[in-house]
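Model, not experiment: these values are computed from the prediction.
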Amino acid sequence: MTHKFSFTIFLLCTLIFTLPNCGESEPYPQGKNLYSFHCQNCHMEDGVGLGALIPPLAGADYMAQHQDQMACIIQYGLMDTIVVNGVTYMEPMAGIEGLNNIQITNLINYINHAWGNDYGFVTVEQIDEQLKNCN
């Protein structure tokens, strides 16, 4: 066997074993990292929240119905009482003011597609517009 032939076989075998895993990588890895660092302590790794104190993000009707406010909530927090999946939450949420618009976009897109959520995609332009209109 020649050196070229052996190297070609090695490359083919490497591709065969790595290509099936290419599609399995986590979408929005930056969003996942941001979630792990900023959100997971309260909303939990699996997005289920913390009992009657912290609302879930997984399967949350509030998120599905308020996508146009998510950037403002992430950046500036939330002081209002909200109802998520029929449960009332009164605990204030602190904002994460240090995130830029691209990070907020990635974070929202991660949450929108994690844990079985299907809340759609947001663009940086949409997030820019949301943040201009925060109350």
Side-chain angles (χ1 to χ4, degrees):
M1 227 185 282
T2 67
H3 179 67
K4 271 187 172 178
F5 183 74
S6 296
F7 185 71
T8 303
I9 295 295
F10 170 77
L11 284 177
L12 285 174
C13 288
T14 302
L15 285 173
I16 288 170
F17 289 110
T18 58
L19 281 179
N21 296 324
C22 289
E24 294 176 17
S25 66
E26 186 78 42
Y28 307 105
Q30 184 190 34
K32 182 177 182 174
N33 290 338
L34 290 165
Y35 179 85
S36 295
F37 187 77
H38 294 287
C39 312
Q40 182 172 305
N41 283 343
C42 295
H43 294 284
M44 302 294 118
E45 183 177 358
D46 55 2
V48 298
L50 188 59
L53 293 176
I54 308 294
L57 302 177
D61 58 358
Y62 185 89
M63 282 201 61
Q65 297 163 4
H66 295 89
Q67 282 290 301
D68 61 333
Q69 298 170 14
M70 288 299 110
C72 297
I73 291 170
I74 289 169
Q75 188 157 73
Y76 300 113
L78 184 65
M79 300 301 162
D80 294 336
T81 297
I82 62 171
V83 177
V84 181
N85 300 338
V87 178
T88 301
Y89 294 90
M90 296 180 283
E91 191 71 28
M93 178 184 137
I96 311 168
E97 294 185 26
L99 298 181
N100 65 44
N101 296 3
I102 293 169
Q103 291 171 315
I104 293 171
T105 302
N106 281 319
L107 179 56
I108 292 171
N109 280 325
Y110 170 73
I111 294 168
N112 281 356
H113 295 93
W115 320 296
N117 289 344
D118 188 12
Y119 302 145
F121 295 92
V122 295
T123 64
V124 174
E125 292 78 18
Q126 289 171 312
I127 297 308
D128 289 341
E129 197 60 36
Q130 279 186 33
L131 292 171
K132 287 179 192 173
N133 298 314
C134 294
N135 294 330

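Taking CD of E45 as the reference point, atom OH of Y35 lies at 8.5 Å (rounded to 0.5 Å). Atom CE of M93 sits about 9.0 Å away from atom CD1 of I82, to the nearest 0.5 Å. To the nearest 0.5 Å, atoms CG (L34) and CG (N106) are separated by 7.0 Å. Rounded to the nearest 0.5 angstrom, M90 CE and D80 CG are separated by 13.0 Å. Taken to the nearest 0.5 Å, the CD atom of Q130 stands 9.0 Å off from the CD1 atom of I73.
Remark: N109 pairs with no residue by the side-chain hydrogen bond (donor to acceptor under 3.5 Å, both in side chains) rule, at least two apart or across chains. In this structure Q40 satisfies the side-chain hydrogen bond (donor to acceptor under 3.5 Å, both in side chains) test together with S36, sequence neighbours excluded. Not counting sequence neighbours, the partners of M79 by the side chain to side chain contact (heavy atoms under 4.5 Å, CB included) test are P92. Evaluation of the side chain to side chain contact (heavy atoms under 4.5 Å, CB included) rule for F37 yields no partner, not counting sequence neighbours. Residues that satisfy the side-chain hydrogen bond (donor to acceptor under 3.5 Å, both in side chains) test with Q75, not counting sequence neighbours, are absent from this structure.
Pairing each heavy atom of L53 with each of E91, the nearest pair is O-CB, 3.3 Å.
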Could you list the donor-acceptor pairs under 3.5 angstrom formed between side-chain atoms of residues 58-71 and any protein atom two or more places apart in sequence or on another chain?
residue, atom, partner, partner atom, Å
D61, OD1, N85, N, 2.7
D61, OD2, N85, N, 3.3
H66, ND1, Y62, O, 2.9
Q67, OE1, N112, ND2, 2.7
Q67, NE2, M63, O, 3.0
Q67, NE2, N112, OD1, 3.0

Which donor-acceptor pairs under 3.5 Å do side chains of residues 94-101 form with protein atoms, sequence neighbours excluded?
residue, atom, partner, partner atom, Å
N100, OD1, I102, N, 3.0
N100, OD1, Q103, N, 2.8
N101, ND2, D128, OD1, 2.3

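Residues in residues 76-96 take part in no ring-ring contact (aromatic ring centres under 6.0 Å, His included) pair, two or more places apart or across chains. The disulfide (SG to SG under 2.5 Å) analysis of residues 84-135, with sequence neighbours excluded, yields the pairs C72-C134. Pairs passing the disulfide (SG to SG under 2.5 Å) check and including a residue from residues 27-57, sequence neighbours excluded, do not occur. Note on residues 93-133: no pairs pass disulfide (SG to SG under 2.5 Å), not counting sequence neighbours.
Applying the 4.5 Å side-chain rule to ILVMFWY residues, one finds that V83 remains a lone member of its cluster.
A continuous path of Ile, Leu, Val, Met, Phe, Trp and Tyr side chains, each step under 4.5 Å between heavy atoms, connects L78 with L107, placing both in one hydrophobic cluster.
Taking the six-membered ring for Trp and the full ring otherwise, H113 and Y119 have centroids separated by 6.0 Å or more.
Using bins of under 30°, 30° to 60° and over 60° for the plane-to-plane angle, the ring pair W115/Y110 lands in the perpendicular bin.
Looking at heavy atoms from C-beta onward, P55 lies out of side-chain contact with V87 at the 4.5 angstrom threshold.
With N117 contributing its side chain and I111 its backbone, the two residues share a donor-acceptor pair below 3.5 Å.
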- Message: Set out, in order, the CA-CA distance, both residues' side-chain angles and the distance that settles side-chain contact (heavy atoms from CB on, under 4.5 Å) for L131 and I104, then state yes or no.
- Response: CA-CA 10 Å; L131 292 171; I104 293 171; 4.1 Å; yes

